[in-house]
Amino acid sequence: MRALKLYGKQDLRYEEAEKPQLKKPTDVLIRVKAVGICGSDLSRYKKLGPYVSGMVWGHEFSGEVIEIGEQVKHVSIGDRVAGAPCLTCADLDVEECYYCKKSEFARCENLTVIGARHGGAYAEYIRLPEKNCVPIPDSVDYESAAMIEPSAVVVHGYYHTNITAGDTVVVVGCGNIGLLSIKFAKIFGATKIIAVDIADEALKMAEEAGASHTINSLKEETLERIAAYTGGLMSDIVVESAGSPITSAQVFAYAKKGGGVVFMGIPYADIMIERFYFEKIVRSELKVWGAWSCVSAPFPGKEWLTIMSLLENGQLELKSMITHRLKLSEGPEIFDTVTHKKPEDNFGKIMFFPEEV
Ligand SMILES: [Zn+2]
Ligand SMILES: [Zn+2]
């Protein structure tokens, strides 16, 4: 089969790969129909390189089941599924860790994602444990289903918070996770959603996603604008989804007293927090939540079922976030293009269709 393999930093190749086979009786083989580029893939491409050189890469996907192991019970050949990409102790043939015993799968000590140390989804076929397959209803298309994973990351993050209908939410960073944070803030009942970014194009998408106010932090004083939009109170919940060391240090000032900040971005650098900002945690009695991964119990968790039902009943729309639809063979070029993009270039969700050659 054809696949995209990451060999090193900025070394992605489209080439032949061994077609995966069922290994365990609970395994399922899936023909990949749609697979999206994740923000973490871009960081890995740019700065970090692969976990294992030459591994078939990618983890946000949907597809059709084409083969099942003899003990598979809940998935049938021909089923359309979204893939939960997380593998935990149970999948890795190691003794269950403390957190797996507590069914806190996002905290598993051995948590890994397909495309890291196991074959990923930038490929024609992928093997997955049955329990990682979430059936999709007929009315939900493969593209939307491939975006359930990043949506589940966001919903998992909000589940940690005490977001309440009527809240004000500030979202800092309007990449894909930021845009999804805006969409779900609305679904969770936020009435005022303030989006912050440095690119006007991104803020336009934020508005389309449901932001009621936007702030370009290069042109405007963010703190002042948030104060103006909230009558001086600031925000109930602040989402850090830029993953920037600068914004990660400043977000504490955007929350109201007793409010909270949820970190969904990963700054790959040290963070220096000025006293003014750090003191807000103490003086404003803030809550600070870290959010990791996209799964809970029963695996893969309420995140997945909630998003599926929101897609089915039309309350959630994801396809408008897709700006590029490509063949897998165009992978090396698009990763290079995004890495060297100019600030005014806008890339939303980039989706591959491995069946198209
Ligand atoms: Zn992802
Ligand atoms: Zn574990």
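Keep in mind that this is a model prediction, so the values were computed, not measured. All values below come from the heavy atoms of this structure, side chains included, with hydrogens, waters and symmetry mates left out. For ligands, and for the atoms within them, numbers begin at 1 and follow the listed sequence.
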Query - C294 near the Zn ion (ligand 1) via N/O/S, less than 2.8 Å - result: no
Is there a donor-acceptor contact under 3.5 Å linking the side chains of [X] and [Y]?
| X | Y | value |
| --- | --- | --- |
| Y51 | R44 | yes |
| D41 | Y122 | yes |
| E303 | S296 | yes |

**Report entry** Metal-centred angle, the Zn ion (ligand 1) as apex - SG of C38, OE2 of E60, 10° resolution
**Finding:** 80°
**Report entry** Where the Zn ion (ligand 2) is the vertex, angle from C108 SG to C100 SG to 10°
**Finding:** 100°
Requested in this report: Pick out which of K256, K287, K257 makes a salt bridge (Lys or Arg N to Asp or Glu O under 4.0 Å) with D236.
Outcome: K256
